[in-house]
Number of protein chains: 2
Amino acid sequence: MSEDRIATNLRKGVLEYCVLALLSHGEKYGLELADDLTSRELIASEGSLYPLLARMRENGLVEPRWDSSGTGRPRRYYAITDHGTEQLTTFAKVWTSLGAQVDALLEGSR
Amino acid sequence: MSEDRIATNLRKGVLEYCVLALLSHGEKYGLELADDLTSRELIASEGSLYPLLARMRENGLVEPRWDSSGTGRPRRYYAITDHGTEQLTTFAKVWTSLGAQVDALLEGSR
DNA sequence: ACAGTAACCTTGTATAGCAAGACTTGCAAT
DNA sequence: ATTGCAAGTCTTGCTATACAAGGTTACTGT
């Protein structure tokens, strides 16, 4: 199917803000985010997520924290920063506006 | 502004199908498409469009035709193919589904 | 000891949009 | 005629992103 290729390209630039939206409810760790995003079909593998989280860390959108208290391998929990919250708001505007344009085009092509 | 960077990434994978949607109403030439897409804020410059049209031509989504009949420099008119129409339909499904997921996340983050 | 698994991360690849500009053609002033 | 302008097509070099595949670390169960 070519649906995969279509979806892959659509995800570009969306994923970053989906992560921010998920974190706006409270901190989460990597695999937890990956599972959530996978079930929503917003990523195809962890290979997208970890490099993304590294970028977001560098850009100050999220703040990581190691937690070794539990059992098993230590988890790295991510929390959204103020800057991240601002960016999420900005994204919501751009997404709404661009989405409306695309919807209009698709609507008109039937 | 960082809105530009956000929009740039969002456009990836969308533009191709916006072109198909526009062509579903009848053939258009390059600059005509560029102007239309620019006014809808779906491209930032022609630099995105011509390489895209070349790809779409190679993939059999559009069929070009030179027209020197009018005044001025010859224009290359593009028409959508059957394959292009199919792809547009597939895209509409993926777009709707992915868009709903993103909307749900944004909705939940307020 | 050994396999399994949860969790983290890295490497290499393909692709898409963009800015800037080159090239060509016709037309309109001077 | 010649210069300049505008419309139109296309190219080059750049950056950023998602992905597949694989590798590492820590713990648990048998």
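First the proteins, then the strands, lettered A, B, ... as listed; each starts at 1.
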Taking the side chain as everything from C-beta on, heavy atoms only, tell me whether [X] gets closer than 4.5 Å to [Y].
X: I80(B); Y: L22(B); answer: no
X: L106(B); Y: L88(A); answer: yes
X: L31(A); Y: E46(A); answer: yes
X: L98(B); Y: L42(A); answer: yes

Sidechain-backbone polar pair: H83(A) side chain, V62(A) backbone, donor-acceptor under 3.5 Å =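 Side chain of H83(A) to backbone of V62(A): no pair is present.
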
R11(B) side chain vs E41(B) backbone, donor-acceptor pair below 3.5 Å | yes

If a pair satisfies salt bridge (Lys or Arg N to Asp or Glu O under 4.0 Å) and one of its residues is in residues 71-86 of chain A, list it, with sequence neighbours excluded.
->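 Pairs touching residues 71-86 of chain A that pass the test: none.
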
Pairs flagged by salt bridge (Lys or Arg N to Asp or Glu O under 4.0 Å) wherever residues 15-25 of chain B is involved - sequence neighbours left out | R5(A)-E16(B)

Mind jotting down which residue pairs meet the side chain to side chain donor-acceptor pair (under 3.5 Å) criterion with at least one end in residues 59-68 of chain A? Sequence neighbours excluded, please.
->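 Sorted pair list: E27(A)-R65(A), D67(A)-S69(A).
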
Listed once per pair and sorted, the side chain to side chain donor-acceptor pair (under 3.5 Å) pairs that draw on residues 93-102 of chain A, sequence neighbours left out = W95(A)-D103(B)

Which distance, rounded to the nearest 0.5 Å, do you find between the CG of L37(A) and the CG of L33(A)?
->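 Answer rounded to 0.5 Å: 6.0 Å.
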
Tell me: CG of L61(A) to C1' of dA16(D), nearest whole Å?
-> 15 Å

I6(B) CD1 - dT17(D) P separation (whole Å) |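 Checked: the CD1 to P distance equals 11 Å.
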
Residue-level proximity of residues 47-55 of chain B to DNA chain C when a heavy atom falls under 4.0 Å |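 Here the set is G47(B), S48(B), R55(B).
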
Of residues 10-17 of chain B, the positions that come close to DNA chain C - non-hydrogen atoms, cut-off under 4.0 Å |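 Under 4.0 Å from DNA chain C: R11(B), K12(B), G13(B), L15(B).
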
Quick one: salt bridge (Lys or Arg N to Asp or Glu O under 4.0 Å) partners of D36(B), sequence neighbours excluded?
-> R40(B)

Range on DNA chain C touched by chain A, heavy atoms, distance below 4.0 Å = dA6(C) to dA16(C)

Step by step, would you call Y17(A) with L105(B) a side chain to side chain contact (heavy atoms under 4.5 Å, CB included)?
-> CA-CA 9 Å; Y17(A) 302 95; L105(B) 277 181; over 6 Å; no

What is the per-nucleotide protein-contact pattern of nucleotides 23-30 of chain D, from the 5' end, where B denotes a base atom under 4.0 Å from a protein heavy atom, S denotes such proximity for sugar-phosphate atoms only, and - denotes neither?
-> -BBSSS--

Looking at DNA chain D, which of residues 35-45 of chain A put a heavy atom within less than 4.0 Å of it?
->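 Output list: I43(A), A44(A), S45(A).
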
Phosphate OP1/OP2 of dT17(D): any N9(B) side-chain N/O under 4.0 Å =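 Checking dT17(D) against N9(B), a side-chain N or O does come within under 4.0 Å of OP1 or OP2.
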
If you look at every heavy atom in I43(B) and S48(B), which pair is closest and at what distance?
-> CG2-CB, 4.4 Å

Take E3(B) and F91(A) through the test side chain to side chain contact (heavy atoms under 4.5 Å, CB included) and record every step on the way to the result.
-> CA-CA 7 Å; E3(B) 293 183 21; F91(A) 170 80; over 6 Å; no

Return yes when atom CD of E32(B) has more than 12 non-hydrogen atoms of other residues, nucleotides or ligands closer than 6.0 Å, and no otherwise.
->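 Counting other residues, nucleotides and ligands, CD of E32(B) exceeds 12 neighbours.
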
So what does Y77(B) hit on the nucleic acid, given a heavy-atom distance under 4.0 Å: a base, only sugar-phosphate, or nothing?
-> nothing

For residues 29-58 of chain A, which residue pairs qualify under ring pair (Phe, Tyr, Trp, His ring centres under 6.0 Å), counting only residues two or more places apart or in two chains?
->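 Those involving residues 29-58 of chain A are Y29(A)-Y77(A).
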
Terminal axes of the helix from dA1(C)-dT30(D) to dT30(C)-dA1(D) (five pairs each): angle between them, nearest 10 degrees |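 Here the helix ends are tilted 0° relative to one another.
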
Residue of the set T89(A), T81(A), T85(A), L61(A) for which side chain to side chain contact (heavy atoms under 4.5 Å, CB included) holds with L20(A) | L61(A)

